[in-house]
2 protein chains.
Amino acid sequence: MPTRKFETVISLRDIKVACQECSLKEICLPVGIGQEDLDRLDAIIDRKRPLARGDHLFRVGDGFQSIYAVRSGSLKTYTTSQDGQEQVMGFQLPGELVGLDAIAEDSHPLAAKALETTSVCEIPFTDLESLSGQIGGLQRQLLRVMSQEIRDDEHNMVILGQKSAEQRLAAFLISLSNRFRRRGFSATQFNLSMSRSDIGNYLGLALETVSRLFTRFQNEGLLRVDRKHIELLDREKLCTYSGAQCAEDDVLQAEPNN
Amino acid sequence: MPTRKFETVISLRDIKVACQECSLKEICLPVGIGQEDLDRLDAIIDRKRPLARGDHLFRVGDGFQSIYAVRSGSLKTYTTSQDGQEQVMGFQLPGELVGLDAIAEDSHPLAAKALETTSVCEIPFTDLESLSGQIGGLQRQLLRVMSQEIRDDEHNMVILGQKSAEQRLAAFLISLSNRFRRRGFSATQFNLSMSRSDIGNYLGLALETVSRLFTRFQNEGLLRVDRKHIELLDREKLCTYSGAQCAEDDVLQAEPNN
DNA sequence: CAAATTCATTGATCTATATCAATATTTAAA
DNA sequence: TTTAAATATTGATATAGATCAATGAATTTG
């Protein structure tokens, strides 16, 4: 919840913040990169000033220059079909990357819009590319990140392809919870920066269905909802509801390397 | 339709076939790689003997060693959820790659099974990785291919998230048609190597729905179906049905660089 | 070649979830 | 603060497509 005033403070201060100090460094570039190489990587990363809610980081068709890492806040990515129908493709939380799908054709197939005040790191791709030719660990990490994204998308396919509304929303909440936790936020209490309509669109459900499910989950004692605020009361049961192997997820994703 | 006899012939002959002669070379490694580099790449690629229908190329949880390019035939990739329910994630046609989703965790999240007699090139990943550190064009191409895969998965999300049964099947057929054409096969006449059930599963539909739609499309004069054989009679109308920007697709994907 | 198995088609019915509609709440604007 | 515009909730109804069920090809097996 940075204020306008805060904005200018950030731009003064952040410009000097190095990757080493960035809370996201294990996520952006986890493994096997030495201090020296890290400095080189740091040198190419550009810290932009925050986006306001509703601002676009990029739009469909924009030329591809950079990938971005969310530092704080959140984004949604989406397309609009020719009949004006919007399809939400994903939500990006702190520590997550956007824009990897633009490499193939040198242009962004999705738009990315800030759901709240959001700041990102910009990583110019040509620099990253040439650097990753020199630093083995970086190349590998880049491939891993992309591979993981493919995997996540496959997971979404399963959800959209054969899960019930109830399972979809449960899985969505568990996924958010895991992602928050991994970044050091609370796994049981968080704010949804996206609207019910965004959630529904993302999950292939009507927004009314999402709303009804929230009330139902609340009545069943699984969680507490207050507008945007969510408190998960029975994570385990929610996992069961999601019909997924998310106990496994818990083990694998909980505090991976702290 | 290679026979058993043919199999041994292949193994004798293929072992000498170089990437340069491979009809897939523009697909596997399209751009900006010189002859010399191509030889180096060729040296690491292993040509395996064909898989029979039903054989697995790899299974869920198998350690990740290589990615594979389909040379002939076709594969399906799928997972099985804990309740035994299968989810088909994709079909791979000649010239397409499988296994990119295994890089992230060093193990295959999906199984890959031959839908018919199928031969593949095996590309050991560590070799590919070190080579791509040396050959700029290769690194870039690898990233492009992965990026494209993310894009394709995003496209699938749109289809599963908000298209009707009719639109899904139409889009599926158009996609197959485009992919066949790009590889030099007929765009209007082809065989489905997968069952109705596989198609339905992939599209998030019941197999009965798929069957009904085939008959309906046929009655409307859009296509002719005879068991596995498909002949597209009105591609344009099918595009309209799919509710997609596939006229665009046609332009972009038709014979990209011949 | 017959028997068994798998796969596909077609019909009848049921249901999860969309859609339509009204109201309430929150946020933004004036 | 008042008004306007989003956004969310809740209810009533409609429907696309699932599920159940029976039959008919095709393919595989012994």
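A, B, ... follow the sequence lines: proteins, then strands. Residue 1 opens every chain. Just so you know, these numbers use all the heavy atoms, side chains as well, and skip hydrogens, waters and symmetry mates.
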Measure the distance from [atom1] on [X] to [atom2] on [N] and round it to the nearest whole Å.
{"X": "B/Leu115", "N": "C/dC7", "atom1": "CG", "atom2": "P", "value": "11 Å"}
{"X": "B/His229", "N": "C/dA8", "atom1": "NE2", "atom2": "P", "value": "16 Å"}
{"X": "B/Gln85", "N": "D/dA18", "atom1": "CD", "atom2": "C1'", "value": "13 Å"}
{"X": "A/Phe214", "N": "D/dT10", "atom1": "CZ", "atom2": "C1'", "value": "16 Å"}
{"X": "A/Leu192", "N": "D/dT7", "atom1": "CG", "atom2": "P", "value": "15 Å"}
{"X": "B/Phe217", "N": "C/dT10", "atom1": "CZ", "atom2": "P", "value": "15 Å"}
{"X": "A/Arg196", "N": "D/dT10", "atom1": "CZ", "atom2": "P", "value": "10 Å"}
{"X": "A/Gln218", "N": "D/dA8", "atom1": "CD", "atom2": "C1'", "value": "13 Å"}

Distances under 3.5 Å between protein N/O atoms and the N/O atoms of nucleotides 3-5 of chain C, please, pair by pair.
none

Could you grab the distance from atom CG of A/Leu238 to atom CG of A/Leu169, nearest 0.5 Å is fine?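 One gets 7.5 Å once the value is rounded to the nearest 0.5 Å.
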
Look up atom OG1 in B/Thr80 and atom CD in B/Gln85, then write down how far apart they are to the nearest 0.5 Å.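 If we round to the nearest 0.5 Å, B/Thr80:OG1 and B/Gln85:CD are 9.5 Å apart.
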
Pairing residues for A/Phe64 by the ring pair (Phe, Tyr, Trp, His ring centres under 6.0 Å) criterion, not counting sequence neighbours: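 A/Phe64 satisfies ring pair (Phe, Tyr, Trp, His ring centres under 6.0 Å) with A/His108, A/Phe125 once adjacent residues are dropped.
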
Mind checking ring pair (Phe, Tyr, Trp, His ring centres under 6.0 Å) for B/Phe217 and listing every partner two or more places apart, or none if nothing turns up?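 Ring pair (Phe, Tyr, Trp, His ring centres under 6.0 Å) list for B/Phe217, sorted by chain: B/Tyr241.
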
Got a sec, which residues hit side-chain contact (heavy atoms from CB on, under 4.5 Å) with A/Leu192, two or more places apart in sequence or on another chain?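 In terms of side-chain contact (heavy atoms from CB on, under 4.5 Å), with neighbours along the sequence ignored, A/Leu192 is linked to A/Leu176, A/Phe190, A/Met194, A/Arg196, A/Ile199, A/Phe214, A/Ile230.
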
Sequence-distant partners of B/Lys113, side-chain contact (heavy atoms from CB on, under 4.5 Å), two or more places apart: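 side-chain contact (heavy atoms from CB on, under 4.5 Å) check on B/Lys113 returns B/His56, B/Lys76, B/Tyr78.
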
Side-chain donor-acceptor pair under 3.5 Å between A/Ser177 and A/Arg235, yes or no?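 Short answer, yes.
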
Hydrogens and angles aside, do B/Gln92 and B/Ser74 bring a side-chain donor and acceptor to less than 3.5 Å of each other?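 No donor-acceptor contact under 3.5 Å links the two side chains.
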
Counting primed atoms, P, OP1 and OP2 as sugar-phosphate and everything else as base, the B/S/- map of nucleotides 25-30 of chain D against protein heavy atoms under 4.0 Å is -S-S--

Going 5' to 3' through nucleotides 16-21 of chain C, assign each nucleotide B (protein heavy atom under 4.0 Å from a base atom), S (under 4.0 Å only from sugar-phosphate atoms) or - (no protein heavy atom that close). -SSBB-

Touch check for A/Ser195, heavy atoms < 4.0 angstrom, all strands: base, sugar-phosphate only, or nothing?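 Sugar-phosphate only.
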
What's the angle between the local helix axes at either end of the helix from C/dC1-D/dG30 to C/dA30-D/dT1, using five pairs per end and rounding to 10 degrees?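 Taking the rotation axis at each end, their angle is 50°.
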
Given D/dT7, is OP1 or OP2 found less than 4.0 Å from the side-chain N or O atoms of A/Ser197?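 Checking A/Ser197 against D/dT7: no side-chain N or O falls below 4.0 Å of OP1 or OP2.
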
According to side chain to side chain donor-acceptor pair (under 3.5 Å), who are the partners of [X], at least two apart in sequence or on a separate chain?
{"X": "A/Glu236", "answer": "none"}
{"X": "B/Gln148", "answer": "B/Asp152"}
{"X": "A/Gln218", "answer": "none"}
{"X": "A/Thr118", "answer": "none"}

Can you confirm whether B/Arg216 is buried at CZ, in the sense that more than 12 heavy atoms of other residues, nucleotides or ligands lie under 6.0 Å from that atom?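 Above 12, so yes.
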
Is it the case that over 12 heavy atoms from other parts of the model lie below 6.0 angstrom from the CD atom of A/Gln167?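 Yes, the 6.0 Å shell around CD holds more than 12 heavy atoms from other groups.
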
